[in-house]
Undergrad: 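One structure, as structure tokens, below. Some questions next.
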Amino acid sequence: MQNDLIICNARIVTPTGSTARRGKEMNKLLTIPNGSVAIKGGIITYVGSGKPDVTPGCPAVDAQGKVLLPGFVDSHTHLVFGGFRPDEFIWRMQGDSYMSIMQRGGGIVNTMKATRKATREELETKAERFISTMSRMGVTTVEGKSGYGLNRDTEMKQLEVMRNLNANPNRKVDIIPTFLGAHALPPEYAGRPEEYIDFLIRDMLPEIKERGLAKHCDVFCEEGVFTVEQSRRLLAAAARMGFGIKLHADEMVPFGGAELAGELHALSADHLLHASDEGIRAMAMNNVVATLLPLTAFTLREPYARGREMIDAGCAVALATDLNPGSCCSGSIPLTFALACIYMRLTVEEAITALTLNGAAAVGCADRIGSIEEGKQGDLVMLHADTYNVLPYYTGMNAVEMTVKNGNIINMNL
């Protein structure tokens with residue numbers, strides 16, 4: 001692929017910088033009303049109001065005044081898994097809780113069984129379908145978590161599928177792989193969580209690191225799953241090995257996950273529906289990205305995370321979909337925008353920052369993606385309109401006209 005592109009006559013809108021924007025800074029976007037962007041070899045070489053040098057034969061797009069944004073970064077998904085769980089979704093609609101479904105053999109362990117049975121080819125085909133849909137909604141980078149194997153072979157299988165998808169030179173989306181072996185306690189270790197944590201530290205993390213299969217390590221720090229101390233032990237070991245560290249934190253009850261994320265200077269703490277005031281302060285003070293997942297709150301009928309209060313307290317907030325087979329089988333960027341603005345009371349500018357630069361920071365990639373700046377990757381999204389206010393206004397509908405990945409036009413939604 002050529003990886004060269006020029007876009008002219010665009011309304012460029014972007015956060016700037018190579019770190020997460022916090023607090024009031026999330027509202028600040030650079031706007032160039034009649035701007036141009038040049039991409040050479042997949043890298044942005046010019047951003048401004050003038051006309052860039054044109055290489056003969058370089059593809060060019062006249063944006064006709066439409067909004068040009070950085071590619072969206074979906075910084076929390078579980079896109080590689082076997083099977084689906086629609087019956088459990090109906091059970092929840094009838095009043096069963098997420099934890100009660102887990103206790104009766106559903107939940108993560110149900111998907112574990114299907115993922116263990118699935119071939120690499122089956123997992124890859126399903127993930128590719130998700131990626132194509134995400135790309136049409138403007139996603140150019142996605143975090144993918146393992147965590148549906150809960151044993152060596154299947155966790156490796158999930159991570160190897162992500163590696164294979166990333167190896168495609170014509171890929172539509174980059175996948176940032178995260179090891180989530182501590183997603184649940186597997187049946188083989190029933191009643192022995194400490195031994196399972198030992199297994200992950202002793203056997204899994206070193207091999208994953210040596211093979212370069214994951215950039216980050218995550219843990220489900222939650223009542224009935226892994227305790228704060230077990231999570232601390234796993235993440236501290238992962239950090240010593242050079243992994244970025246992340247947490248599923250305070251999703252079901254206030255549990256101290258946000259406080260632990262601050263203590264460990266984690267890249268991100270995710271979910272946070274029940275994060276305490278102390279936990280919010282800990283994240284703000286220690287530069288932890290608070291990754292909020294409004295689609296999951298929506299599908300679980302749970303209160304939304306306190307996004308407005310987190311930003312006002314000085315946190316860096318990211319938004320992500322939490323695409324997964326259980327609690328939230330949706331990767332809808334349009335609905336994520338709408339829920340964040342309507343129910344979590346983010347401004348549209350804050351939501352844009354949350355789904356671009358701050359999402360990139362949540363996966364340790366803000367130095368190369370997440371904004372439209374010279375030297376960064378040529379990942380862009382052009383909307384149908386000349387105002388970005390359509391993002392929540394088109395409630396649940398796609399406002400993206402064109403997705404650009406590494407300087408290549410991937411999708412045209414005409």
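Positions are given from 1, in the same order as the sequence printed here.
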Undergrad: Is any NZ, NE, NH1 or NH2 atom of the basic residue among Lys126 and Glu122 found under 4.0 Å from an Asp or Glu carboxylate oxygen of the other?
TA: no
Undergrad: Is there a donor in the side chain of Arg21 and an acceptor in the side chain of Asn27, or the other way round, less than 3.5 Å apart?
TA: no
Undergrad: In terms of relative ring orientation, are His248 and Phe220 parallel, tilted or perpendicular, with 30° and 60° separating the classes?
TA: tilted
Undergrad: Side chains of Asp74 and Thr77 only: does a donor on one sit below 3.5 Å from an acceptor on the other?
TA: no
Undergrad: Check Arg129, Arg136, Glu128 against Ser132 for a side-chain contact (heavy atoms from CB on, under 4.5 Å) and give me the one that passes.
TA: Arg136
Undergrad: Quick check: closest heavy atoms across Ile175 and Asn166, and the distance to 0.1 Å?
TA: O-ND2, 2.6 Å
Undergrad: Please determine which of Lys28, Arg308, Arg345 meets the salt bridge (Lys or Arg N to Asp or Glu O under 4.0 Å) test together with Glu350.
TA: Arg308
Undergrad: With Cys365, which residues qualify under side-chain contact (heavy atoms from CB on, under 4.5 Å), at least two apart?
TA: Ile176, Lys215, Val363, Arg368, Ile369
Undergrad: Salt-bridge test for Lys40 and Asp4: reply yes if a basic N is under 4.0 Å from a carboxylate O, no otherwise.
TA: yes
Undergrad: Is Lys209 atom NZ crowded by more than 12 heavy atoms from other residues, nucleotides or ligands, each under 6.0 Å away?
TA: yes
Undergrad: Taking the six-membered ring of Tyr148, is NZ or CZ of Lys157 closer than 6.0 Å to its centre and within 45° of its axis?
TA: no
Undergrad: Taking CD in Glu278 as the centre, count heavy atoms belonging to other residues, nucleotides or ligands within less than 6.0 Å. Is the count above 12?
TA: no
Undergrad: Any carboxylate oxygen within less than 4.0 angstrom of a Lys/Arg side-chain nitrogen, looking at Arg152 and Glu188?
TA: no
Undergrad: Mind checking side-chain contact (heavy atoms from CB on, under 4.5 Å) for Asn164 and listing every partner two or more places apart, or none if nothing turns up?
TA: Glu124
Undergrad: The criterion is side-chain contact (heavy atoms from CB on, under 4.5 Å); which residues satisfy it with Ala238, sequence neighbours excluded?
TA: Leu205, Cys217, Phe243, Ile245
Undergrad: Could you check, using the six-membered ring where one of them is a Trp, whether Tyr388 and Phe337 have ring centers closer than 6.0 angstrom?
TA: no
Undergrad: Using a cut-off of 6.0 Å, state whether more than 12 heavy atoms not belonging to Tyr343 lie near its atom OH.
TA: no
Undergrad: Using 4.0 Å as the upper bound for N to carboxylate O, is an ion pair formed by Lys66 and Asp386?
TA: no
Undergrad: Under 4.0 Å between a Lys/Arg side-chain N and an Asp/Glu carboxylate O for Lys145 and Glu143?
TA: yes
Undergrad: Show me the donor-acceptor pairs within less than 3.5 Å that the side chains of residues 254-269 make with the rest of the protein, sequence neighbours left out.
TA:
unit_1, atom_1, unit_2, atom_2, d
Glu259, OE2, Ser276, OG, 2.7
Glu263, OE1, Arg232, NH2, 3.0
Glu263, OE2, Arg232, NE, 2.8
His265, ND1, Asn286, OD1, 3.4
Ser268, OG, Lys246, NZ, 2.9
Ser268, OG, Asp270, OD1, 2.8

Undergrad: Enumerate the side chain to side chain donor-acceptor pair (under 3.5 Å) contacts for residues 356-367, please, sequence neighbours excluded, ordered by first and then second residue.
TA: none
Undergrad: Please find the pair of heavy atoms, one from Val289 and one from Ala20, that lie closest to each other, and give the distance.
TA: CG2-CB, 4.1 Å
Undergrad: Using a strict threshold of under 4.0 Å (side-chain N to carboxylate O), is an ion pair present between Arg233 and Asp198?
TA: yes
Undergrad: Partners of Phe298 by ring-ring contact (aromatic ring centres under 6.0 Å, His included), sequence neighbours excluded?
TA: none
Undergrad: Quick one about Asn411 and Glu401 (side-chain donor to acceptor, distance below 3.5 Å, no hydrogens or angles considered), yes or no?
TA: no
